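A short write-up of the structure that comes next.
Counting begins at 1 with the first residue of the sequence. Since we're looking at a predicted model, the values are computed, not measured.
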Amino acid sequence: MANFFEKLGDSISKGAATVNQKANDLMETNKLNQDIKAAQQQKEADIVKLGQLLYNYKKNPGSAEPDYDAVIADMDSIDEKIDSLNKQLQDLRNEQICPNCGSAVAKGTAFCPNCGSKMPVPQIQPVNPCPSCGKENTPGDKFCQYCGTPLNQEAPAAEAPAAEAPVEEAAPVHMCPQCGTPYNEGEKFCQNCGHTL
């Protein structure tokens with residue numbers, strides 16, 4: 001009975017944490033939308049200011065030409081701010097923008113549901129890559145799961161000659177004949193594909 005109440009308590013705690021996270025995400029989304037709207041209003045005000053400067057200059061042909069560059073530079077910085085805010089909003093919503101039509105698309109989608117264009121695949125750095133074969137390994141692994149090469153070994157100091165370093169023989173690596181996954185001596189089945197060893 002105590003186990004039931006522990007599980008119930010865990011479920012309630014997880015549910016409360018999820019609701020809390022969603023509330024925080026909603027507040028952050030609203031704040032980002034307000035910041036974007038304020039920046040867009042500032043840009044519209046700059047456009048009006050730019051038009052007013054040009055209008056006054058054309059109405060008074062003998063006057064000195066106004067400094068349009070300062071207003072345009074301000075508009076450029078506002079555009080950069082809006083782009084940054086939109087990027088934060090996309091990350092919060094787990095979205096990316098279709099490079100063809102500009103629609104918001106869920107991250108991980110292969111093709112845009114609006115126009116059918118292929119979505120770019122984000123480049124992800126491998127986790128604990130093997131220096132020999134380049135395949136990903138679990139963080140904390142000391143040896144590559146695929147080829148047995150030692151991982152995260154610091155290179156010997158440049159000053160030390162290579163002949164002085166003791167040469168260690170690597171333990172023989174057994175590979176599954178079916179899928180190539182390494183296995184330990186004495187195992188009867190491959191942990192990856194189930195092939196009899």
Would you say [X] and [Y] make side-chain contact, with heavy atoms under 4.5 Å?
X: Cys147; Y: Cys130; result: yes
X: Leu54; Y: Leu50; result: no
X: Pro131; Y: Leu151; result: yes
X: Pro99; Y: Ser117; result: no
X: Leu89; Y: Arg93; result: yes
X: Met175; Y: Thr181; result: no
X: Lys107; Y: Asp91; result: yes

Quick check for you: to the nearest 0.5 Å, what is the distance between [X] atom [atom1] and [Y] atom [atom2]?
X: Glu136; Y: Tyr146; atom1: CD; atom2: OH; answer: 7.5 Å
X: Leu26; Y: Asn30; atom1: CG; atom2: CG; answer: 5.0 Å
X: Thr149; Y: Lys135; atom1: OG1; atom2: NZ; answer: 11.5 Å
X: Asn100; Y: Cys112; atom1: CG; atom2: SG; answer: 7.5 Å
X: Leu85; Y: Ile78; atom1: CG; atom2: CD1; answer: 11.5 Å
X: Ile47; Y: Lys49; atom1: CD1; atom2: NZ; answer: 13.0 Å

Is there a continuous path of hydrophobic side-chain contacts, each under 4.5 Å between heavy atoms, that joins Ile36 to Ile97?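 No, Ile36 and Ile97 fall in different hydrophobic clusters.
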Between [X] and [Y], what is the shortest heavy-atom contact and its length?
X: Val105; Y: Cys98; result: CG2-CB, 4.3 Å
X: Ala64; Y: Tyr57; result: O-CD1, 3.8 Å
X: Cys101; Y: Asn114; result: SG-ND2, 3.4 Å
X: Gln96; Y: Thr109; result: NE2-O, 3.9 Å

Going through the checks in order, is the side chain to side chain donor-acceptor pair (under 3.5 Å) test met by Gln145 and Thr138? CA-CA 9 Å; Gln145 299 173 18; Thr138 308; 3.0 Å; yes
Would Asp79 and Lys43 count as a side-chain contact (heavy atoms from CB on, under 4.5 Å) if you check the C-alpha gap in whole Å, the side-chain angles of each, and the deciding distance to 0.1 Å? CA-CA 8 Å; Asp79 283 341; Lys43 185 176 178 182; 2.7 Å; yes
Indicate yes or no for a side-chain donor-acceptor contact from Asp141 to the backbone of Asn137 under 3.5 Å, with no hydrogens or angles considered.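 Judged by distance alone, no pair lies under 3.5 Å.
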Hey, are Asp25 and Gln21 close enough side-chain-wise for a donor-acceptor pair under 3.5 Å?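 Asp25 and Gln21 do have a side-chain donor-acceptor pair below 3.5 Å.
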